[in-house]
Each structure stands twice: as structure tokens, then as C-alpha cells.
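First listed ligand is number 1; within each ligand, the first listed atom is number 1. Throughout, residue positions are numbered sequentially from 1 according to the sequence presented.
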Amino acid sequence: MSEGTALGTQLAAPAPETSFSSTVAARIDANIGFIYIDNPPVNALSHSVRSGLSAAVRTFSDAPGVQAIIVIGKGQTFPAGADIREFGRPIEEPALNAVNLSIEACRKPVIAAIHGTALGGGLEIALACHFRIALASARLGLPEVKLGVIPGAGGTQRLPRLIGIEQALRAIATSRILDAAEALQLGLVDAIVADDLHAHAIRFAQQVIAEGRPLRLVRDLQDKLAPASAGVFDEFESNLPARLRNRLAATRAIRSVRNAAALPFDEGLRKEREYVEECKASPQSAALQYVFFAERAAFKFDGYIAGALAGPEPLVGIAGAGALRTPLAAALLIGGCRVLLFDQNARALSDASSAIVERLERLSSKGRIASRQELQSLTAALEVTSEAASLRHCTAVIEVEPDMLSSKSAIVGALSALVGEKTALITTTALLSVDEIAAASRRPANVVGMHFFIPASTMRQVEIVRTDRSSNLAASIAVELSRRLEKIPVVSRDCDGFVGDRTLRAYLKEAIAILEEGVPAAHIDAALRDFGMAHGPFELCDFIGLDLAQRILDGRSGPGETGTKLIDLQRAGTPDGMPAHAGTSIPKILAAAIVERCLLAAAAEAKRLVAEGIVSRPSDVDIVWVNGLGFPEHCGGPLFWATQTTASVQR
Ligand code: COA
């Protein structure tokens, strides 16, 4: 007798949970069969989940007392996707696609009860179910393209049938995540509930049973499949955001959604599988998965103290009058911190506080803050003081003075006399030595630097700069604040330029050297832009401002040859000066040589950073380039790219 049949008889009456695999358990409650997925932390769909789920569905299909089945995640979420760690290996049966087909074919209603993040394969399971109910806080999406693949268990065929072609294209090709309210509005879920998902799911199931509601097989839905116009797919592809330029998975996702409209379901499913295999074999997916894990690794450093940011709403002080004050304060408030704004001058304090509230209001009108009520509670979490002593209660105090050693040292020195042993003193600087700033303080162990990339409100990268004396606690607090700011932190030792600017300097110097050999700036820019950089090197200098570009090139030692050269070239104008930006075409071989020289220069500097112990792992430099300097994510960063390129040359 199979495991499943034995349980079917055994579960005729209410029974405790029975395991179907190490990560799937089931239970019958009255006439409803519950399938629990329990694979912390995110219920990723590893082999044991797939096999357990498959066996549980089979068992409940055959169990006479079971009239409906509810699939639900334990812990913090419905499954958040395939187990990315299994990507490089051959799939162990059952594949998710087969599991989903069996769920869909089940003759009893199967209901997905969704909380947390139903992503990737998790959402595909829900799409194969006959009904979906979600907690109001749930988020749903198919973000596989971010990892260089496409949904491979029916997502590209079922989602368009449920929410229509245009919405499905946006969700799949651009990895757009939907909140529960939007999911309801689009027809992706049948109901949303504010709390007690379990009880509501039972009620929903009883209603379906009582009404004898026909099973809704998404594969059979047709009414939303007609695209608004024949050109919709080409138009969508040509308007893809710049970060998805040259992204194989995005083009295959579009093609697969197109198939949903044009081909029978099973044929579309077969093609979807083909595209998945093609994407998986591409270097892009390897690079994107590398970036995924590298970003998560970056949060942990040797000595990292989990939970360093005490309490759910930590109090963060902000002192100083630099341009970072308003966006930083607003972002901290949105990230769930209380902010204590300090300025000795009452007028300046009131102006600064108004600027922060205005910014919150602007963000609210753009939909970045969910409701009026939330806006009010964020505003209420902003406190002001003109008494420096009040800052001593803060978990961290961030100084945002303009980037000059004298003012930074003065403010950090003054703060260090006020705060306690555990308060992190964070100095925000792009160019200065954190060591020197810390040396002027009474508590050098509390001092760490934070370097935000330009523009600070949108760039996801931040560098956390430790001196030899910075404590693990202070660095951990800075890392946790980065999380609140929704930024990726890279912990670096203090050095001239830290990680980003030091490697950028090597890259820009190489670009200037090529320029001096007679290649026009426009060609150099075009080559790197075509490679996938957000800006060519000279465009980047324009974008951040030539003054700053010159300071990056010069470093802490002050005006030097290369920085001056950049300015001279700019003054000299074309053809060797600043670029004529768009529409330049150059021979491929020249473009390849330009890309190789500039990126290998950056990679060589990156290796030196690792060798000097400035960062603890090579991937830290790569993600700084991806998130801070506009490097194409699907190429993994200059070090990853250099390793792949060298390997392919050697093959
Ligand atoms: N497979 C394997 N491991 C996964 C995973 C997946 N699909 N998703 C997350 N993890 C791991 C992370 O590596 C991390 O491990 P670590 O603690 O050892 O570093 C842990 O789960 C928690 O993830 P993290 O991203 O730090 O937590 P979070 O709460 O900030 O975010 C998610 C949770 C699910 C939103 C986020 O992890 C995510 O976007 N995952 C990928 C979802 C996806 O793309 N699914 C489709 C896959 S094809």
C-alpha cells in the first residue's frame, strides 16, 4: 500500500498532522484537507516540498471524507519560489510543472491560501489551484527574469489567462510584484482577508462546497487572452527598461506570453520549458544568480551581530545640514525608524523638519506611502530637538554635514562626548578618511562611515566604512540601517575611494588613456553603453558633475594629473573632449577592445582591494558596481565578468 492510500484511510476523522516529506505535512479538519508547506526560511520549492505536495494532493484526491483541499505555507510565507540552490543541478522528479498539472486536474476544489510573498514557483502553484485567497499584506509575482530565467511551471501560460496579456507582460518580463489589493482587482486572487487566513480559508472552502461551485481551471480561461493590438508584444519589447536591455530572459518571457495568446495551452507549456532550459544554460542566468546570493552575503561580515538595531522602531538621530538630511530622514522614517532631528538653530530646525514632512507628502502623493494614516504615523515618528544632549538616547546618530574634514571632525567629536557606549556614530562621506574623523572623537570604536551613491535616494548601494577601531556593534547597526533604507551594504575598510570610487578611478583612467590614444569619447561611451553600462565613462562624469569626477580621479591626495586632464579635455571640447551622446556606431572589434580594457582595469583594482583586505570577498566589489555604478546585472560585476571572459578565452 502506498504512503498516500494509508493516510487516506487514516485521515477519515480529524487527525494530527502527518508528514508527507520532511517539509510537507497534512491534516484533515472536518471535510477539508490541509496541506502545509514548511521549509524555512521562505518555503522554497526544494525536491522534498515538490514530492510531499504531490503525494498529499494524490492522497486527498482519493480520500472519501475530503471535499476540498487548502494549500498553505507555514512560517512567514507561502512558497517564495523554486529553490535557487537547486538551479545548477538536473531536476529531481517530480518537477513543479507535473505537480501543478496534478493539482489542476484534481476533481476536488483546491484553494491556495496565501500570505507573505507568493513568488515564482510559489505563485505558479497558486495559479494551478482552482481558487486563491490572500492575506491583505501578501505580495505576489513571477520575478524569475531577475534571476535570468522565466517561470517554468506554467506561470507564463496561466497568468495571462487570469489577468490579461498586458498585465502579465509587465509582471513577468519586468518582475513586477503585485500587492494583494491589486491582485484582487486584476482577478489574480478571488478574495483578500485582513487576518486569520486559516479560518477564512476554511470558510471560503465551505462556501465553495456548499454552492457546488464549478472548479475554475485557469488553463481553460480564454476571455482575457486577446491582446489589445497585434503590435503589443513588439512594442512592449522595444520599451523595456534600460536595465533589461540585452536580457535574454526578458525576451523569452515576452515570447512565452505571446504563445499563451497564440498556441494551445499544452503547446505553450512545452515551449515555456524550452525557453527555461535555454535561459538556464545562458551565462546571464549564472551571473544573475551570483548577484542574488552576493547581495545576501553582503549583509553578513565577520563579527556581524544580528539584531544590532534594538527594538522594532529604533531611534536614529540626524545632525548636520548637508543635502542628504531630508532624503535620509524620510527614508529612515519609511523604513520604520523614529528620527530625532537635531539643529541648534530653532529656525533651521523647523525648516528642516518641514522639508522632511513635505518630502513624505510628495512620496505619499506618488503612492510610495500606502495611506493617509500611514503618512500621519510617519510624520509623528519625526521628532526634533535643539538640545544635543537628547541624542544620547539614540541607537545611532548620523551626521550629514557637507563633506569637509573640519566640519565632520567637529560634529563627530562633539557627538562622541554625548552618546553612550552602544550608540553608533555614523559619518556620511564620499571622500574623507573615516579614520581621521574617528580620531577626533572620544569614542573611535563607535564611529563608522556610510557612503551613499549618487543620487542617494534611488541608488541601492551603500558602503559601510570601518576603521581598525570600529566596533562590530557599530558596523552591524550601520548594516541594519541600510536594510531599513532598502539598500545593499558592502562593508569596507577605510581607504582612499573606498570600494566604488577606487575601482571607478581605475576604470576612468583607462578610458582617459584610450581617449588620449585618439579614440573619440563618444566611441568609448557608446562601446560601454552597448555592453550594458547605464552610462559611458564620460557620460558618467557629466552625470555626477565634472567637479566630483575630478575629485574621484584625484583622490585624497588632491589635484593630480588625471583629474586635471579630464577637465582640460572637457574644456578642449570635441572631438576628443566630452561626448556627443547618442547614436554612435563603431566597429565591433574596437568596441570589444574598449570594453575589455576599461573593465579589466576595474577588475584588476578590485583584486587589489580583496588582496589588501579592504573587502572580505570579491563579490562585494561586484555588487557595488551592479547597484552603485550602473554595471549590467546580467554580467555579474567586473570581477565575475573578468573571470568568465578569461575562462572563455582559455577554452
Ligand atoms: N531559494 C533558495 N533560497 C532562498 C530563496 C530561494 N528561492 N529565496 C530566498 N532564499 C534564502 C536567501 O538566500 C536567504 O538565505 P540566507 O539567510 O542564508 O542569506 C534567506 O532565504 C532569506 O532571504 P532574504 O532575501 O534575505 O529575506 P527577505 O525576507 O528580505 O526576502 C524574499 C524574502 C522571498 C522576498 C526574497 O528572498 C526573494 O526575493 N527571493 C527570491 C524570490 C524569487 O525570485 N523567486 C523565484 C525563484 S525562481
Legend entry - Glu295 and Asn627 side chains, donor-acceptor separation under 3.5 Å: yes
Filter the ligand 1-protein atom pairs down to N or O on both sides and distance under 3.5 Å, then list them.
unit_1, atom_1, unit_2, atom_2, d
ligand 1, 1 (N), Ala82, O, 3.4
ligand 1, 1 (N), Ile84, N, 3.0
ligand 1, 7 (N), Ala82, O, 2.7
ligand 1, 13 (O), Arg85, NH2, 3.4
ligand 1, 19 (O), Lys300, NZ, 3.0
ligand 1, 25 (O), Arg296, NE, 2.7
ligand 1, 25 (O), Arg296, NH2, 3.2
ligand 1, 45 (N), Ala80, O, 2.9

Inset, instruction - I would like to know whether Arg170 and Glu166 meet salt bridge (Lys or Arg N to Asp or Glu O under 4.0 Å); could you show each step before the answer? - result: CA-CA 6 Å; Arg170 284 180 73 198; Glu166 282 81 357; over 6 Å; no
Legend entry - Any side-chain donor near an acceptor of the partner, Ser616 and Asp302, under 3.5 Å: no
Legend entry - Interatomic distance, Gln157 atom CD to Glu267 atom CD [nearest 0.5 angstrom]: 9.5 Å
Inset, instruction - Could you check whether the rings of Phe34 and Tyr36 sit parallel, tilted or perpendicular, using 30° and 60° as the cut-offs? - result: parallel
Legend entry - Parallel, tilted or perpendicular: rings of Phe531 and Phe631 (30°, 60°): perpendicular
